[in-house]
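Order of listing sets the numbers, starting from 1, for every ligand and every atom in it. Keep in mind that this is a model prediction, so the values were computed, not measured.
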Amino acid sequence: MDDLVRIFDTTLRDGEQSPGFSMTPAEKLELARQLEALRVDVIEAGFPISSPGDLEAVRTVAREVREAVIAGLARANPKDVEAAVEALQPAARPRVHVFIATSPIHMEHKLRMTPDEVVAAAEAAVRQARQFTDDVEFSAEDASRSEVEFLCRIFDVAIRAGATTINVPDTVGYTTPPEYAALILTLRERIPAADKVTWSVHCHNDLGLAVANSMAAVAAGARQIECTINGIGERAGNASLEEIVMALRTRRDVFGVRTNIDTTKLYRTSRLLTAITGIAVQPNKAVVGENAFAHEAGIHQHGVLVNRATYEIMRPEDIGLPTNRLVLGKHSGRHAFRKALEDHGVHLDDAALARTFARFKALADRKKQVAIEDILALVDEEVRAAPQRFQLKAFQVSTGTGSPPAATVTLQSESGETTEAATGDGPVDALCVAVNRLTGVQAQLMDYAIRAVTGGTDALGEVTVRVREGETVAVGRFSSTDVLEASVRAYLDAINRLLVARDRGRSGEAAAHRGAAAWA
Ligand code: KIV
Ligand code: ZN
C-alpha cells in the first residue's frame with residue numbers, strides 16, 4: 001500500500017469559519033503561501049458560496065498558489081458547486097470538495113431529506129463537479145454517526161459518479177480510535193471500487209481525540225488527513241496538523257508512512273497563524289507550544305544536558321524552533337539580517353524586508369542583544385500589516401500614586417495632525433480613550449494581552465488587543481521595548497482594522513471577524 005499520507009489543510013476553511021479566526025483575503029493569501037512552503041498537499045481555501053469575500057479569497061489563492069492542490073467546499077447542490085467552480089477557475093490544480101450529511105439525525109432534522117434524496121443530490125453534485133475537474137472529493141458529513149450500510153451505498157454512488165477522494169468525517173468529534181479504524185476498514189472492504197480512491201479522514205476534537213482518531217484511521221488505510229494549523233476549527237477545533245505530522249514522523253516505526261511536509265516550517269506556520277488571528281496557542285500545546293521543548297525540572301535539565309534524547313523525542317530544530325538565541329546586533333547588516341530570516345523559513349519581498357530591517361535597527365539601538373524571537377515578532381507584524389488611516393505621531397503618559405493617569409496622543413491622518421488628552425483608570429485606558437476621541441471610533445477593549453518576547457528587563461513587549469465596535473471585532477498587535485508604546489500602537493492598529501471593515505461594510509471579512517458575540 002502507498003506509504004504517502006497526504007496532508008489536506010483546512011485552516012482557511014474549517015479553521016477560519018470558527019469565531020475569532022476570520023481572516024482578510026490578504027491574510028488568507030499570506031497563510032496559503034506559508035502552507036505551500038510547508039508543502040501541504042491540499043489547501044482548502046474556503047467555502048465560495050458562503051460570501052462574495054470568501055469566493056474572492058479562494059480565487060486569489062487559486063491564482064497565486066500554484067503547487068498545492070487548491071480545494072473549494074460546496075454543499076451537494078448546483079449553486080454551491082457553481083460557486084466553487086467559479087472560484088477555482090484560475091487554479092493550476094483545482095479540487096471541488098462536495099459534501100452532504102448522511103447521519104439519520106442530520107438528514108431528518110437539518111436537511112429534511114430522505115436517504116434516497118441525499119444519495120441523488122450527492123451523485124448529481126459529484127457529476128457536476130467532474131465536468132470541471134478530475135479531482136473531486138466527496139464527504140459524508142457526520143459519517144461517524146451514520147449507518148454503515150448507508151455510507152457504503154452513498155460512497156459507492158459517489159465513486160461511480162467520479163469522486164476520487166472519499167472523506168469520512170467525524171464531524172462532531174464523537175468517535176474513538178478503535179471504532180473509527182474499524183469503520184475505515186469496513187468501508188474499504190465492502191465498497192467494490194474502494195482501492196481506486198484515496199480514503200480521507202476529518203476529525204473534530206470535542207473529546208480531545210481528533211489526532212488519535214486520525215492516526216488510527218491511517219493504520220486502517222486512510223491516506224489523506226484533513227487538519228488545521230494549531231488545531232483551530234469549529235468548537236474544540238480540528239485535528240492539529242503539527243501533531244499529526246510529528247507523530248507520523250516520530251513514530252514511523254509504528255505507522256510506516258511518510259508525509260510531504262517540510263517539518264522545519266511548522267513553528268513558523270504556527271506563529272504566522274497566531275500573528276494573523278491574535279490568538280495564541282496554550283503554552284503546553286504539543287509540538288508548537290511555548291513549553292513544548294522547555295525542561296524545567298532539575299532532573300530533566302540534567303538529563304538533557306548529558307544527552308538530549310533522555311527527555312526529548314523530537315529536536316526543536318526539526319520543527320524550525322529558533323534555538324540560537326542571540327543572532328544580531330546593531331552593527332549587523334541587511335545581508336546577515338536576510339540570512340537570519342531565511343534560516344528560519346522567512347522570505348520577505350524587498351519592500352517588506354526594508355521596513356522590517358529599519359525596525360530591527362531601531363530595536364538594536366534600544367536593546368543590545370536582539371534575539372531571533374524579537375525579529376520574528378517584527379516579521380509577524382509586517383506580514384499582517386493593514387492600511388493605517390491614522391498613524392501615531394507622538395504620545396505622552398503620566399501615571400503615579402498621587403494623580404489620575406493621563407495621556408496625550410497625537411495622530412496623523414489625511415486631514416492633518418490632531419492631538420487629544422484624556423484621563424483613565426490606568427495609563428493604557430487613558431491612551432485608548434484619547435485614541436477613541438481622535439479617530440471617532442467608539443471601540444470597546446475586550447482583551448488585552450502582553451507577552452515578553454524574550455527574557456530580561458529590556459525584553460520586547462508584544463501587546464495583542466481585541467477591540468469591538470457593534471458586531472465588528474478586530475485584533476491589533478505591536479511590539480516594543482516600551483510597553484505603553486506597544487499598547488497604544490496595538491490599539492491603533494486594531495482601530496485602523498475596524499475602520500477598514502467599516503468602509504467595506506462587511507460583517508464577516510476584512511480585519512474583523514464573524515461571530516463577534518462569541519468573544520463578548
Ligand atoms: O466536519 C465536517 O464534517 C466538515 C465537512 C464539510 C468535511 O467540515
Ligand atoms: Zn469539519
Side-chain angles (χ1 to χ4, degrees), residues 6-19 21-22 40-51 54 58 69-77 80-81 83-84 87 95-107 109-111 118 121-122 125-126 129 135-146 150-151 154-155 158 163-175 180 183-184 187 197-211 213-214 217 222 224-241 244 514-515:
R6 286 171 186 80
I7 298 297
F8 175 117
D9 180 277
T10 184
T11 308
L12 298 176
R13 199 278 297 170
D14 218 344
E16 200 254 0
Q17 77 190 32
S18 58
F21 288 96
S22 179
V40 305
D41 299 280
V42 185
I43 298 174
E44 185 163 52
F47 187 7
I49 194 81
S50 67
S51 74
D54 217 38
V58 175
V69 170
I70 306 299
L73 185 68
R75 286 166 299 188
N77 69 59
D80 275 43
V81 177
R95 172 180 296 186
V96 178
H97 179 189
V98 172
F99 79 100
I100 192 162
T102 52
S103 61
I105 187 168
H106 276 232
M107 289 193 289
H109 298 282
K110 186 182 82 171
L111 297 177
V118 167
V126 171
D135 189 345
V136 175
E137 172 167 337
F138 174 71
S139 287
E141 190 189 8
D142 206 15
S144 55
R145 292 192 301 166
S146 303
F150 187 59
L151 283 181
I154 200 165
F155 285 150
T164 43
T165 300
I166 295 292
N167 187 34
V168 189
D170 180 29
T171 304
V172 291
Y174 179 71
T175 199
Y180 201 43
L183 175 62
I184 302 294
L187 294 170
V197 295
T198 302
W199 287 89
S200 169
V201 288
H202 174 115
C203 296
H204 282 266
N205 205 29
D206 300 67
L207 294 173
L209 292 173
V211 171
N213 287 334
S214 306
Q224 173 177 284
I225 300 182
E226 303 195 355
C227 45
T228 59
I229 300 299
N230 295 344
I232 70 168
E234 285 285 13
R235 306 180 309 279
N238 288 62
S240 145
L241 182 149
I244 283 170
R514 284 184 283 267

Ligand 1: protein residues within heavy-atom distance under 4.0 Å:
Arg13, Asp14, His97, Phe99, Ser139, Glu141, Asn167, Pro169, Thr171, His202, His204
Polar contact flag, side-chain donor to acceptor under 3.5 angstrom, Thr102-Ser146
yes
Side-chain donor or acceptor of Asn77 paired with backbone N/O of Val81 under 3.5 Å
no
Just wondering, do Asn167 and His97 contact through their side chains at under 4.5 Å, heavy atoms?
yes
Going by salt bridge (Lys or Arg N to Asp or Glu O under 4.0 Å), name the residues that satisfy it together with Glu234, two or more places apart in sequence or in a different chain.
none
Check: Thr11 side chain, Gly15 main-chain N or O, donor-acceptor pair, under 3.5 Å
no
Side chains of Asp142 and Ser103: any donor to acceptor distance under 3.5 Å?
yes
Quick one: closest heavy-atom pair of Ala163 and Phe138, and the distance?
CB-CB, 4.0 Å
Between Asn238 and Thr228, is there a donor-acceptor pair closer than 3.5 Å when you use the side chain of the first and the backbone of the second?
no
I'd like to check the salt bridge (Lys or Arg N to Asp or Glu O under 4.0 Å) partners of Arg13; sequence neighbours left out, ordered by chain and number.
Glu44
Would you list the protein N, O or S atoms within less than 2.8 Å of the Zn ion (ligand 2), leaving out water?
Asp14 OD2, His202 NE2, His204 NE2
